[in-house]
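For reference, the structure is listed below as structure tokens.
Values in this document were obtained by computation on a predicted structure and should not be read as measured data.
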Amino acid sequence: MRLVFLGRSITSSWGNGHATTYRGLVRALVAAGHEVLFLERDVPGAAANRDLPRLPWGRSALYGSLEELRECHGDAVASADLVVVGSCVPDGIRVGDWVLSQACGAKAFYDLDTPVTLGALGRGNCASLSPLQVGRYDLYLSCTAGPTLARLERKLGARRARPLYRAFDPEAYFPENSEPAWDLGYLGTYSACRQPALERLMLEPARREPGLRMVVAGARYPEGIAWPGNVARIEHLSAAAHRRFYCSQRFTLNATRAERFTAGWTPSVRLFEAAACGTPVISEPWPGLEDCFQPGSEVLVSGRPEDTLQFLRAFGPEERMRLAERARARALAQHTAGHRAEALLGYVREVESGRRARAHP
């Protein structure tokens with residue numbers, strides 16, 4: 001197949017959690033024999049921080065305006081078997097209208113921020129998608145599963161709302177033999193709605209036990225945050241440094257944005273990446289977690305500072321390793337980029353089957 005993606009960015013992971021998911025998915029699709037072109041808007045933030053300027057698999061291209069996109073890539077979009085427009089694409093509604101009018105193959109919207117998108121649609125200020133476009137795409141690929149899929153179809157008119165969770169690339173995320181430098185770590189860009197969980201499940205435990213070593217990596221944290229003295233700060237980690245970061249922790253923390261917590265069934269890509277690296281995860285509870293990992297057996301669930309401290313105190317090296325091995329086995333069995341690529345191709349075949357049925361009733 002010939003596939004074209006128009007996404008937020010694949011060349012830069014700076015403040016962009018979409019990049020690692022796109023990279024793994026494109027790599028898996030190319031490995032399966034498909035031709036992939038990834039198009040992204042050339043914006044200043046990404047331009048100054050490109051950690052993958054040239055893809056080692058597939059092709060990527062930058063465009064400076066919608067006019068340039070039309071002029072330089074109109075033929076590729078028109079002839080593709082599948083065109084995917086992602087969430088958070090600059091000028092996304094106009095890009096979507098153009099793709100919907102130009103593409104002859106299957107057309108999909110890949111929402112890597114489904115709860116946020118639905119909230120913005122409800123308020124009438126969504127920049128990625130208009131309500132009228134929802135039903136025009138052949139596929140609505142959602143990073144959120146569960147009841148949200150039925151809501152997309154019944155209330156918003158999506159033709160086929162299908163789950164496509166974020167995923168990890170096994171070529172990039174695997175265990176390394178290294179002595180942990182930190183007892184607990186966290187990787188994530190600042191979010192006001194996620195900060196209370198970080199305060200409750202990491203910063204407060206750090207204050208109570210100054211002997212623990214903790215670290216937070218991520219950009220855009222306000223200057224006014226009172227970081228405990230035993231919590232180190234890393235402003236930004238390139239995607240290439242994620243594996244070593246996870247492997248340098250005894251445990252890693254998974255905190256969820258408020259919208260994703262409410263919607264449920266929206267696992268963070270960091271959850272899968274850490275598990276793949278053999279790092280045990282302490283996660284706040286959220287609906288649908290048990291569909292990804294078994295609580296207590298593959299992931300530890302913490303709702304209070306006391307829970308986090310209990311896990312850090314109670315788990316010795318052997319028990320911690322058993323927990324990590326079970327989580328890694330589940331991640332490799334269900335949550336790789338290859339699994340997502342297989343699911344995506346299956347959805348495309350579903351669209352093609354429906355078109356043939358309509359053409360030959």
Side-chain angles (χ1 to χ4, degrees), residues 1-13 16-40 46 50-61 76-77 80-89 92 99 103 105-114 117 128 137-145 160-174 238-240 242-243 266-276 292 331-351:
M1 288 187 184
R2 287 174 296 177
L3 303 97
V4 175
F5 287 79
L6 295 99
R8 180 177 178 181
S9 179
I10 198 171
T11 65
S12 173
S13 62
N16 168 31
H18 297 194
T20 54
T21 291
Y22 278 132
R23 290 172 185 179
L25 184 59
V26 170
R27 184 205 289 264
L29 289 166
V30 171
H34 304 287
E35 179 184 323
V36 182
L37 170 64
F38 193 100
L39 303 173
E40 67 175 85
R50 297 203 193 282
D51 49 353
L52 194 66
R54 284 183 64 88
L55 299 188
W57 12 256
R59 294 187 299 125
S60 66
V77 167
D81 297 292
L82 170 68
V83 181
V84 179
V85 179
S87 54
C88 293
V89 170
V99 166
K107 297 169 279 289
F109 182 78
Y110 188 10
D111 200 341
L112 285 158
D113 311 275
T114 307
T117 300
S128 296
Y137 284 103
D138 297 300
L139 288 166
Y140 195 115
L141 305 169
S142 171
C143 73
T144 300
R160 299 174 185 85
R162 300 292 184 266
L164 198 67
Y165 283 155
R166 299 184 184 212
F168 76 96
D169 184 348
E171 297 290 328
Y173 295 92
F174 51 83
S238 68
H242 287 182
R243 181 179 70 248
T266 313
S268 166
V269 68
R270 309 303 181 208
L271 182 64
F272 300 138
E273 291 172 353
C292 300
L332 288 170
Q334 296 183 356
H335 301 303
T336 69
H339 291 104
R340 304 299 184 254
E342 290 177 9
L344 174 60
L345 296 172
Y347 299 149
V348 176
R349 289 191 289 270
E350 184 183 345
V351 172

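Residues passing the side chain to side chain donor-acceptor pair (under 3.5 Å) test with Arg162, sequence neighbours excluded: Glu153, Glu350. Qualifying side-chain contact (heavy atoms from CB on, under 4.5 Å) partners for Ser268, counting only residues two or more places apart in sequence or in other chains: Asn254, Arg270. Applying the salt bridge (Lys or Arg N to Asp or Glu O under 4.0 Å) rule to Arg50 yields the partners Glu40, Asp42; only residues at least two apart in sequence or on another chain are considered.
Residues Leu141 and Asp111 have side chains not in contact (no heavy-atom distance under 4.5 Å, counting atoms from C-beta outward). Looking at heavy atoms from C-beta onward, Leu332 lies in side-chain contact with Phe168 at the 4.5 angstrom threshold. Within the 4.5 Å cutoff, side-chain heavy atoms of Phe174 are placed close to those of Arg243. Residues Arg340 and Leu344 have side chains not in contact (no heavy-atom distance under 4.5 Å, counting atoms from C-beta outward). Inter-residue side-chain proximity for Phe5 and Leu39 is flagged as unmet; no heavy-atom pair is nearer than 4.5 Å. Side chains of Met1 and Val348 form a contact here, defined as non-hydrogen atoms less than 4.5 Å apart. Val4 has its side chain out of reach of Val84: every pair of non-hydrogen atoms, C-beta onward, lies at least 4.5 Å apart. Between Cys143 and Leu164, the closest side-chain pair of non-hydrogen atoms is not below 4.5 Å.
No side-chain N or O of His335 forms a donor-acceptor pair with one of Arg166 less than 3.5 Å apart. Checked by atom type, the side-chain pair His18/Thr21 shows no donor-acceptor distance below 3.5 Å. Side-chain contact check for Thr117 and Ser87: no donor-acceptor pair (N or O, by modelled atom type) lies under 3.5 Å.
Using cut-offs of 30° and 60° on the angle between ring planes, the pair Tyr165 and Phe272 is tilted. Using cut-offs of 30° and 60° for the angle between ring planes, the His242 and Tyr173 rings count as tilted.
Applying the salt bridge (Lys or Arg N to Asp or Glu O under 4.0 Å) test to every pair with at least one member in residues 1-12, sequence neighbours left out, gives no pairs at all. Sorted by first then second residue, the salt bridge (Lys or Arg N to Asp or Glu O under 4.0 Å) pairs that include residues 16-25, not counting sequence neighbours, are Arg23-Asp51.
The backbone N or O of His339 sits less than 3.5 Å from a side-chain atom of Thr336, completing a donor-acceptor pair.
Exactly one of Leu139, Val351, Asp138 qualifies for a side chain to side chain contact (heavy atoms under 4.5 Å, CB included) with Lys107. That residue is Asp138.
Among all heavy-atom pairs drawn from Ser12 and Ala19, the shortest one is O-CB, 3.6 Å. Minimum heavy-atom separation, Thr114 to Ser142: OG1-OG, 2.9 Å. Contact between Ser60 and Pro53 at its shortest, heavy atoms only, is OG-O, 4.2 Å. Counting all heavy atoms, side chain and backbone alike, Cys88 lies closest to Ser128 at N-OG, 2.8 Å. The nearest pair of heavy atoms linking Leu6 to Val89 is O-CG2, 3.3 Å.
To the nearest 0.5 Å, atom CG of residue Leu82 and atom CG of residue Leu3 are 5.0 Å apart. Tyr22 OH to Tyr110 OH: the interatomic distance, rounded to the nearest 0.5 Å, is 7.0 Å. Ser238 contributes atom OG, which lies 10.5 Å from atom CG of Leu52 (distance to the nearest 0.5 angstrom).
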Residues 26-33 side chain polar contacts: donor-acceptor under 3.5 Å, at least two apart:
{"unit_1": "Arg27", "atom_1": "NE", "unit_2": "Asp169", "atom_2": "OD2", "d": "2.4"}
{"unit_1": "Arg27", "atom_1": "NH2", "unit_2": "Asp169", "atom_2": "OD2", "d": "3.4"}

